[in-house]
Amino acid sequence: MRSQAPIVALLAATSLVSATHLTDSLLNKVYNVMNEINVASWENGTKSMAILESKYPELTVFSANSPFQRLDGLQSGQIPEIIGIASTTLENRPATNTSASAHGGSSLLEDGAAADPASLGIAVLLADQTTNNQQVNGVGYGDAADAELNYLLYDVPRTSTGAISHRADQPQLWSDFVYMVPPFLAYYGALRNNQTLLQEAYRQCSLYRDGLRQSNGLWAHILLGNGTHDPNLWITGNAWAATGMLRVWSTIKWSSFASDMSSQMSDLQSWIAEIFDNAQPLLTSEGLYHNYLNDNSSFIDTSGSALMAATGLRISTLNLTDSYVPDSLKLLAAVSSYVNSTGYLTQTVNPYDFSKQGTYSPEGQSFVVMAYAAYKEWDSLGRKGSTSGNDDPLGTSSSAFKRIGGVSTLLGLGSALLGFWSIA
Ligand SMILES: *[C@@H]1O[C@H](CO)[C@@H](O)[C@H](O)[C@H]1NC(C)=O
Ligand SMILES: *[C@@H]1O[C@H](CO)[C@@H](O)[C@H](O)[C@H]1NC(C)=O
Ligand SMILES: *[C@@H]1O[C@H](CO)[C@@H](O)[C@H](O)[C@H]1NC(C)=O
Ligand SMILES: *[C@@H]1O[C@H](CO)[C@@H](O)[C@H](O)[C@H]1NC(C)=O
Ligand SMILES: *[C@@H]1O[C@H](CO)[C@@H](O)[C@H](O)[C@H]1NC(C)=O
Ligand SMILES: *[C@@H]1O[C@H](CO)[C@@H](O)[C@H](O)[C@H]1NC(C)=O
Ligand SMILES: *[C@@H]1O[C@H](CO)[C@@H](O)[C@H](O)[C@H]1NC(C)=O
């Protein structure tokens, strides 16, 4: 489809002009596809965060103001999609087996991954908050959240360093964990004024970094144990880790313990920067990342690239630094050029077989929604750090048109011709 022949490339690039900044109508299609195709626990959890970030931005920890102060008096009818996801989760939840755990621990969902169901924990806590522990399938939202917390703290196997395993059957570190679990622990701690849990969220990030970070500052995907193994620098895994740590950072910031935990916040900030700074030189000329960051022979993955764009822009809106804005805009413009007319993100990794290219990605749909939510917030805050003089930073000056060496010159000619044609 993407021919190297300059003329065909020129035509392809020209036909993508309007697609680099998704129209609201195409973004709606992306959102609708997201709603339809997410099925696994972590996909539903990620989707719940994408919905919060795009439809209820004042309620996310990425907000410019404390989301916790907005919860008083919030009604379940004001966040119906979030309640819907929490309710589905409780409908699918296994009946609590109280003798299974001395501490009353019980996973929200049956899953070989101990960590993934925790990604739904914030949605469940919001349902508890707005319904006063209403029961679904015989268990209250708050009680289910408590059981999930206790499961993570007391039942899941740990590594020798104290890292909570990503997997239920044996201690294994997966970079994905950092998005699934620490943000839930931190959110629970902030909501219930429990500093121990905020500290545990921070500590788990630290332990995962110790276990997965390689000498070039980027993170391996899966280490330890005898299960699935992947020592490669998976772009989505690095994005999961950076985004999870940013969620923990901002949750601490909006908690009542921010002033007590400034050193933890500055550690998290530098660990996030470490991933972004070391990924930056590996951005391709097209403005995307390879599935395995440092391996030019691995395919280009738009899904992990979209999450990097979202988080790079959030780092700016949260006033940490604007350094990653130019690359995030390049990423988002290029990612957008791979959204097809039915609203699917294409050129994605297969999320169920992460070394292989797939044809679509449920989590990738959520990442695009998150990236546009971040872009809108960044835009509304005055586009800090933009180096583009263009009216539309994702528009025609974007990197999507520098995809193949030499084509941008041709494109200039193409645009001139198009301009001529439109005048004629
Ligand atoms: C995820 O959400 C979908 C759509 O609502 C639902 O069909 C599915 O059962 C959910 N998955 C889990 C593991 O709860
Ligand atoms: C970022 O800085 C602006 C301007 O100083 C301020 O209004 C805003 O509240 C800050 N945002 C955060 C998340 O601290
Ligand atoms: C409850 O969990 C315990 C310990 O894992 C197990 O031995 C027992 O069979 C379970 N009971 C039921 C009814 O599932
Ligand atoms: C993998 O390790 C676990 C302990 O962590 C052990 O119970 C299991 O038997 C091992 N499986 C194989 C195939 O070696
Ligand atoms: C914080 O949460 C932990 C884990 O549930 C619990 O053991 C501890 O008592 C809580 N601390 C406070 C002050 O509530
Ligand atoms: C791989 O890509 C990087 C970054 O674009 C480039 O510097 C390097 O030369 C490439 N290596 C190979 C073997 O193509
Ligand atoms: C868009 O991509 C999806 C997933 O690969 C595919 O099913 C659909 O047919 C594509 N739409 C178009 C118009 O090509």
Side-chain angles (χ1 to χ4, degrees), residues 1-2 12 15-16 18-19 22 25-38 101-106 112-114 118 121 125 128 142-160 162-174 181-182 184-204 222-229 251-252 255-257 260-261 299 301-303 306 335-352 356-366 368:
M1 190 181 124
R2 281 165 200 277
S15 70
L16 293 169
S18 58
L22 297 183
S25 116
L26 192 48
L27 187 55
N28 267 335
K29 288 187 186 175
V30 173
Y31 185 95
N32 292 338
V33 170
M34 169 185 82
N35 261 332
E36 280 161 25
I37 70 174
N38 281 280
S101 163
H103 296 90
S106 184
L125 283 170
D128 174 44
D143 299 326
D146 289 353
E148 170 64 30
L149 175 71
N150 290 333
Y151 171 70
L152 292 168
L153 293 179
Y154 306 114
D155 300 340
V156 178
R158 297 209 182 206
T159 67
S160 58
I164 300 171
S165 176
H166 183 79
R167 300 293 301 176
D169 63 339
Q170 59 174 304
Q172 275 209 304
L173 302 176
W174 294 46
V181 171
F184 167 64
L185 297 177
Y187 196 92
Y188 192 111
L191 198 61
R192 306 262 194 265
N193 273 309
N194 185 322
Q195 190 175 2
T196 310
L197 292 174
L198 286 158
Q199 177 63 23
E200 184 63 7
Y202 160 81
R203 191 173 80 100
Q204 290 299 323
I222 304 170
L223 296 179
L224 303 184
N226 56 17
T228 309
H229 209 244
T251 308
I252 295 174
S255 76
S256 47
F257 305 103
D260 274 5
M261 298 184 74
F299 58 88
D301 169 44
T302 56
S303 174
V335 162
S336 300
S337 76
Y338 283 95
V339 172
N340 75 14
S341 61
T342 20
Y344 277 83
L345 180 64
T346 66
Q347 185 63 42
T348 64
V349 62
N350 175 350
Y352 314 109
K356 301 204 171 57
Q357 193 176 324
T359 49
Y360 68 95
S361 165
E363 67 203 31
Q365 297 294 124
S366 297
V368 173

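Because only heavy atoms are used, hydrogens play no part in the values below, and waters and symmetry mates are left out as well, while side chains stay in. Atoms within each ligand, like the ligands themselves, are counted from 1 in listed order.
Less than 4.0 angstrom separates some heavy atom of Leu153 from each of these atoms of ligand 5: 4 (C). Of all the atoms in ligand 5, the ones that sit under 4.0 Å from a non-hydrogen atom of Leu149 are 5 (O). Short contacts between ligand 7 and Ser341, defined as distances under 4.0 Å to a heavy atom of the residue, involve ligand atoms 13 (C).
Glu148 is listed as a side-chain neighbour of Phe184, based on a closest heavy-atom distance under 4.5 Å. Contact check for Thr359 versus Tyr344: no side-chain heavy atoms found under the 4.5 Å cut-off.
Considering backbone and side-chain N/O atoms, Thr342 comes within less than 3.5 Å of an N/O atom of ligand 7. Considering backbone and side-chain atoms alike, Asn340 places an N or O below 3.5 Å from some N or O of ligand 7. Residue Thr346 places no N or O, backbone or side chain, under 3.5 Å from any N or O of ligand 7.
Among Thr196, Asp146, Asn194, the residue whose heavy atom lies closest to atom 3 (C) of ligand 5 is Asn194.
Ranking protein heavy atoms by distance to atom 7 (O) of ligand 5, first place goes to Tyr154 OH, 4.0 Å. Nearest protein heavy-atom contact of atom 8 (C) of ligand 4 is Asn226 ND2, 3.8 Å.
Distance check on atom 14 (O) of ligand 7: some protein heavy atom falls below the 4.0 Å cut-off. Atom 5 (O) of ligand 4 lies below 4.0 Å from at least one non-hydrogen atom of the protein.
Contacts between Asn193 and ligand 5, counted as non-hydrogen atom pairs separated by less than 4.0 Å, are absent for every part of the residue.
Looking only at atom types and distance, the side chain of Asn38 has no donor-acceptor partner in the side chain of Gln365 under 3.5 Å away.
Atom CZ of Phe257 has more than 12 heavy atoms from other residues, nucleotides or ligands within 6.0 Å.
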Could you go through the side-chain contact (heavy atoms from CB on, under 4.5 Å) check for Arg192 and Leu197 one step at a time?
CA-CA 9 Å; Arg192 306 262 194 265; Leu197 292 174; over 6 Å; no
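The one candidate from Val30, Val33, Leu27 that meets the side-chain contact (heavy atoms from CB on, under 4.5 Å) condition with Val339 is Val30.
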